[in-house]
Peer 1: 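Handing you this structure, nothing more for now.
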Amino acid sequence: MSALYGLALIGIWLGLTTWFWKVWRRVRAQPDANRGAMDALGILFAAMWLGVSFWYGGGRTIYYDTQVRELCAKDGGVKVYETVKLPPDRFDQWGMVKPYLPTQKENALGPEYIFKSETTYYRKGNPEMWRAQYRVIRRADGKVLGETVLYGRAGGDLPGPWQPSGYRCPEVSQGGPNVLLKSIFVQSTGEH
């Protein structure tokens, strides 16, 4: 289905390009036409047509993915400022600290810790670009125990019946909220 859609888009693009070419040739062939001016306008229009075609055909995703990579290189990823040792019964079978209830927002980690998340949009629409920051704060003294920062892009592809593409840095498996929690909260071995 998507291959047929892609071929249809290419066919429309080629049809429009051919139509523009024929119109330009017909106008340029007029006896009273200034050929130098018509050639300059034709070159200008062709450059704009190719530039817009490239931009909407994939250039936008390349541009915003590059911005995501650059921003991520500056401050993306997990930073742990203090680890907290907890007894083994405070962890579930996957090694995640209990309680961890993401639907509880700031209270997701219970009464002892604040789990803050903040998303800043650099661009909304199509494509979308954002920065997501997650922090764990100890309620008793307000100290930030750790944070993780993710950057992402969604959309910017040719329109169609498919799911829009996306790009994140770092990958959620390397820098998402779960990685942050597993990096801050570690199981104590019972040894002093």
Peer 1: Is V186 isolated, or which residues cluster with it under the ILVMFWY side-chain rule of less than 4.5 Å, directly or via members?
Peer 2: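 Besides V186, the cluster holds no residue at all.
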
Peer 1: I'd like to know whether L16 forms a side-chain contact (heavy atoms from CB on, under 4.5 Å) with F20, so could you lay out the CA-CA distance, the side-chain angles of the two residues, the decisive distance to 0.1 Å, and finally the verdict.
Peer 2: CA-CA 6 Å; L16 283 171; F20 288 139; 4.3 Å; yes

Peer 1: Going by salt bridge (Lys or Arg N to Asp or Glu O under 4.0 Å), name the pairs with one or both residues in residues 165-189, residues two or more places apart or in two chains.
Peer 2: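 The answer is none; no pair qualifies.
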
Peer 1: If hydrophobic clusters are built by linking Ile, Leu, Val, Met, Phe, Trp and Tyr wherever their side-chain heavy atoms come under 4.5 Å apart, do M96 and L101 end up in the same one?
Peer 2: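 M96 and L101: separate clusters.
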
Peer 1: Would you say that T120 contacts W130 through its side chain, given a criterion of any heavy-atom pair below 4.5 Å between the two side chains?
Peer 2: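 No, every pair of side-chain atoms sits at 4.5 Å or beyond.
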
Peer 1: Go through the structure and list residues passing side chain to side chain contact (heavy atoms under 4.5 Å, CB included) with P111, not counting sequence neighbours.
Peer 2: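 Side chain to side chain contact (heavy atoms under 4.5 Å, CB included) check on P111 returns nothing, list empty.
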
Peer 1: Going through the checks in order, is the side-chain contact (heavy atoms from CB on, under 4.5 Å) test met by L181 and L109?
Peer 2: CA-CA 10 Å; L181 295 177; L109 296 171; 3.9 Å; yes

Peer 1: Indicate the atoms forming the closest heavy-atom contact of P170 with G175, along with that distance.
Peer 2: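 Heavy atoms of P170 and G175 come nearest at CG-CA, 4.0 Å.
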
Peer 1: Looking at P87 and S188, what are the two nearest heavy atoms and their distance?
Peer 2: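 Nearest pair, atom of P87 first, then S188: CA-OG, 3.7 Å.
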
Peer 1: Keeping to residues at least two apart or across chains, list the disulfide (SG to SG under 2.5 Å) pairs with something in residues 67-183.
Peer 2: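 Checked against disulfide (SG to SG under 2.5 Å) - neighbours excluded - the pairs reaching residues 67-183 are C72-C169.
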
Peer 1: Kindly write out the residues that satisfy side chain to side chain contact (heavy atoms under 4.5 Å, CB included) with S117, not counting sequence neighbours, or none if the list is empty.
Peer 2: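 Partners of S117 by the side chain to side chain contact (heavy atoms under 4.5 Å, CB included) criterion, ordered by chain and then number, come out as Y134.
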
Peer 1: Between the main-chain N or O of G95 and the side-chain N or O of D92, is there a donor-acceptor pair closer than 3.5 Å?
Peer 2: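 Yes; judged by distance alone, with no hydrogens or angles, the pair exists.
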
Peer 1: Identify, with sequence neighbours excluded, every residue that meets ring-ring contact (aromatic ring centres under 6.0 Å, His included) alongside Y113.
Peer 2: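 By the ring-ring contact (aromatic ring centres under 6.0 Å, His included) rule, Y113 matches F185.
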
Peer 1: Any idea which heavy atoms bring V80 and S183 closest together, and the distance?
Peer 2: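 Of all heavy-atom pairs spanning V80 and S183, the closest is CG2-CB, 3.5 Å.
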
Peer 1: Pair up each side-chain donor or acceptor in residues 150-157 with any protein partner under 3.5 Å, not counting sequence neighbours, and list the distances.
Peer 2:
residue, atom, partner, partner atom, Å
Y151, OH, D75, OD1, 2.6
Y151, OH, D75, OD2, 3.4
Y151, OH, R131, NE, 3.1
R153, NE, D65, OD1, 2.7
R153, NH1, G155, O, 2.6
R153, NH1, S165, O, 3.2
R153, NH1, S165, OG, 2.9
R153, NH2, D65, OD1, 3.2
R153, NH2, D65, OD2, 3.2
D157, OD1, S165, OG, 2.7
D157, OD2, S165, N, 2.6
D157, OD2, S165, OG, 3.1

Peer 1: Does F115 form a side-chain contact (heavy atoms from CB on, under 4.5 Å) with Q104? I'd like the steps, not just the answer.
Peer 2: CA-CA 9 Å; F115 183 69; Q104 298 298 312; over 6 Å; no

Peer 1: In the hydrophobic cluster built from side-chain contacts under 4.5 Å, what are the other members alongside Y81?
Peer 2: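 Joined to Y81, directly or through intermediates: I114, I137, V144.
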
Peer 1: Kindly say whether N126 contributes a backbone atom to a donor-acceptor pair with the side chain of R60 at under 3.5 angstrom?
Peer 2: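 Side chain of R60 to backbone of N126: a pair is present.
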
Peer 1: Would you say Y64 ends up clustered with L71 if hydrophobic residues are merged whenever their side chains have heavy atoms under 4.5 Å apart, either directly or through other cluster members?
Peer 2: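 As far as the 4.5 Å side-chain criterion goes, Y64 and L71 are connected within one cluster.
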
Peer 1: Is it true that atom OH of Y63 has more than 12 heavy atoms of other residues, nucleotides or ligands lying nearer than 6.0 Å?
Peer 2: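 No, OH of Y63 has 12 or fewer neighbouring heavy atoms, counting only those of other groups under 6.0 Å.
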
Peer 1: What closest approach, in Å, do T119 and A132 show between heavy atoms, and which atom pair accounts for it?
Peer 2: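 T119 and A132 have their closest heavy atoms at OG1-CB, 4.2 Å.
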
Peer 1: Among residues at least two apart in sequence or on other chains, which ones pass ring-ring contact (aromatic ring centres under 6.0 Å, His included) with Y122?
Peer 2: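 With sequence neighbours excluded, Y122 shows a ring-ring contact (aromatic ring centres under 6.0 Å, His included) to no residue whatsoever.
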
Peer 1: Can you pull out every salt bridge (Lys or Arg N to Asp or Glu O under 4.0 Å) where at least one residue sits in residues 78-88? Sequence neighbours excluded, please.
Peer 2: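 Residue pairs with at least one partner in residues 78-88: E82-R138, E82-K143.
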
Peer 1: Any salt bridge (Lys or Arg N to Asp or Glu O under 4.0 Å) pairs touching residues 94-113, not counting sequence neighbours?
Peer 2: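 Sorted result for residues 94-113: R90-E112, E106-K116.
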
Peer 1: Evaluate V179 against Q174 for side-chain contact (heavy atoms from CB on, under 4.5 Å), listing each step before the verdict.
Peer 2: CA-CA 7 Å; V179 175; Q174 298 170 354; 5.9 Å; no

Peer 1: Looking at OG1 of T148 and CG of N178, how far apart are the two atoms once the value is rounded to the nearest 0.5 Å?
Peer 2: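 Rounded to the nearest 0.5 Å, the OG1-CG separation comes to 10.5 Å.
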
Peer 1: Apply side chain to side chain donor-acceptor pair (under 3.5 Å) to Q133 and list each qualifying residue two or more places apart in sequence or on a separate chain.
Peer 2: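 Applying side chain to side chain donor-acceptor pair (under 3.5 Å) to Q133 gives E147.
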
Peer 1: Is atom CZ of R123 surrounded by more than 12 heavy atoms (other residues, nucleotides or ligands) closer than 6.0 Å?
Peer 2: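 Atom CZ in R123 is crowded, with more than 12 foreign heavy atoms closer than 6.0 Å.
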
Peer 1: In the single-linkage hydrophobic clustering (I, L, V, M, F, W, Y; side-chain heavy atoms under 4.5 Å), do L14 and W19 co-cluster?
Peer 2: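 Linked, L14 and W19 end up in one cluster.
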
